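These numbers were taken from a predicted model, which means no experiment stands behind them.
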Amino acid sequence: MRDGEILCALLLRQTYDYRNIKISFGTDYGCCIVELGKTRVLGQVSCELVSPKLNRATEGILFFNLELSQMAAPAFEPGRQSDLLVKLNRLLERCLRNSKCIDTESLCVVAGEKVWQIRVDLHLLNHDGNIIDAASIAAIVALCHFRRPDVSVQGDEVTLYTLEERDPVPLSIHHMPICVSFAFFQQGTYLLVDPSEREERVMDGLLVIAMNKHREICTIQSSGGIMLLKDQVLRCSKIAGVKVVEITELIQKALENDQKVRKEGGKFGFAESMANQRITAFKMEKAPIDTSDVEEKAEEIISEAEPPSEVVSKPVLWTPGTAQIGEGIENSWGHLEDSEKEDEDEGGSDEATILDGMKMDTGVEVSNIGSQDAPIVLSDSEEEEMIILEPDKNPKKIRTQTISATQVKAPSKKPVKKRKKKRAAN
């Protein structure tokens, strides 16, 4: 299984090829994101005026900090410096600070009193192998892109100007050292540049060479316990020289494009550099659809489908005059609610009138269809039909007819009082 993984890793891409490198800048100076394949590193540079070190009173201070969070990979533990993190931080310091790529004497404001402290914070956003190469590129790009505030010294007084008062000052950078990693498999038999996360799992050894475009080696480190020959190291250094030149040209081109956009007043920042991938879109590309055999496919689907069931629900007859389909509760038609009973008891004595007197006041003949003792109900509608369902008796059908005031003029101006029907629940 180990040999199969090695062969797959070597066949997926060429041995000396780097993964795609993408550099994007933020709205502030000194902020950038470097993508090496799927490995993403965020770089941010900040500065402040501090007291210098006692043994270097005329030199500024450089500080590098790399953080590995669980957002990048679940294997990283938060709040604890692992051996990998300590090794990466030391390698970055040797590559960038010990190589004297930045003129630290230009960071001095007042000798022995005030110097600039430059802090480079690197955050790993996504881990897909070769962290040190991505971190070194992000650090040098952020330093090249950074601008510090301008200062002036008059006697013992130091004046710090804002970005609106004076243009910020870039850092003095002599060269750009970049790390190039080489992975070895089967005791140095196979060589691979820029290993991914899966390739790092199966590699036998790792060689990191930090070099600038002038082919000057800034630092070199070998890990993994593999014994390398002199010819292998020389071969890796030649490959690193070619790769460093290509990456340096890419960095300079990205810096020039960003500076050009800022001068012209165009849009810049992380939001502008991201690809326009939206869920919704106003326009959709038309795709040709073949509809020649739609009818044949439809007939096949219908023929293969199961026929619908012929089950018809039967009504349930509880009592004569009632019906129910499905499962439900018992019909409560004809029962008065508690609020209606209280209203009827309170206003029944005032609103009740005799049927004969009602006929004399309105002059309307009320025809009863049904028994003589059936109650008459007057409502606002001109004609309504009411069916009372009772479980013990046959349903009674009562039709009541009323005439509005616009149709018949009553001789009496007294208002017609309505009599509510009082139903007694059997």
For [X], I'd like to know if atom [atom1] has over 12 heavy atoms of other residues, nucleotides or ligands within 6.0 Å.
X	atom1	result
Leu234	CG	yes
Glu165	CD	yes
Glu295	CD	no

field: Residues in ring pair (Phe, Tyr, Trp, His ring centres under 6.0 Å) contact with Phe76, at least two apart in sequence or another chain
entry: His127

- request: Please list, chain by chain and in numerical order, all residues satisfying ring pair (Phe, Tyr, Trp, His ring centres under 6.0 Å) with Phe184, sequence neighbours excluded.
  value: none

List for me each residue that meets salt bridge (charged side-chain N to carboxylate O under 4.0 Å, His left out) alongside [X], sequence neighbours excluded, and say none if there are none.
X	answer
Asp150	Arg166
Glu35	Arg40
Arg97	Glu93

task: Working to the nearest 0.5 Å, report the span between CZ of Arg19 and CG of Asp128.
output: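 CG of Asp128 is found 5.5 Å from CZ of Arg19.
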
- prompt: Once you round to the nearest 0.5 Å, how far does CE of Met227 lie from CG of Asp204?
  reply: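 If I round to the nearest 0.5 Å, the distance is 14.0 Å.
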
Compare all side-chain heavy atoms of [X] with those of [Y] and state whether any distance is below 4.5 angstrom.
X	Y	result
Ser99	Thr219	no
Asp17	Val193	no
Ser223	Lys87	yes
Leu91	Ser136	no
Thr159	Gln154	no
Cys236	Val233	no
Phe64	Leu96	yes

The criterion is side chain to side chain donor-acceptor pair (under 3.5 Å); which residues satisfy it with [X], sequence neighbours excluded?
X	answer
Arg262	Asp258
Gln221	Arg94
Glu216	Asn212

Might you point out which heavy atoms bring [X] and [Y] nearest each other, and give the distance in Å?
X	Y	result
Ile226	Gly205	CG2-CA, 3.7 Å
Ile61	Ser51	CD1-O, 4.1 Å
Ala254	Phe25	O-CE1, 3.5 Å
Leu163	Pro168	CD2-CB, 3.7 Å

- request: Could you tell me whether a side-chain N or O of Arg198 sits under 3.5 Å from a main-chain N or O of Ser196, the two making a donor and an acceptor?
  value: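 Absent.
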
message: Per the side chain to side chain donor-acceptor pair (under 3.5 Å) rule, what does the pair list look like for residues 68-79, sequence neighbours excluded?
response: none

- prompt: Which pairs, with at least one residue in residues 154-180 and sequence neighbours excluded, count as a ring-ring contact (aromatic ring centres under 6.0 Å, His included)?
  reply: none

- request: Could you give me the CA-CA distance, side-chain angles and deciding distance for Lys263 and Lys260, then say whether side-chain contact (heavy atoms from CB on, under 4.5 Å) is met?
  value: CA-CA 5 Å; Lys263 286 184 178 180; Lys260 182 179 179 182; 6.0 Å; no

Would you tabulate the side-chain donor-acceptor contacts of residues 112-123 under 3.5 Å, counting partners in other chains and residues two or more places apart, or write 'none'?
unit_1	atom_1	unit_2	atom_2	d
Arg119	NE	Asp121	OD1	2.9
Arg119	NE	Asp121	OD2	3.0
Arg119	NH2	Asp121	OD1	3.2
His123	ND1	Glu67	OE1	3.4

query: With sequence neighbours excluded, what pairs up with Ser181 under the side chain to side chain contact (heavy atoms under 4.5 Å, CB included) test?
result: Asn130, Ile132, Asp133, Pro195, Leu206, Val208

message: Looking at Arg201 and Glu197, is there a salt bridge between them, counting it only when a charged N and a carboxylate O are closer than 4.0 Å?
response: yes

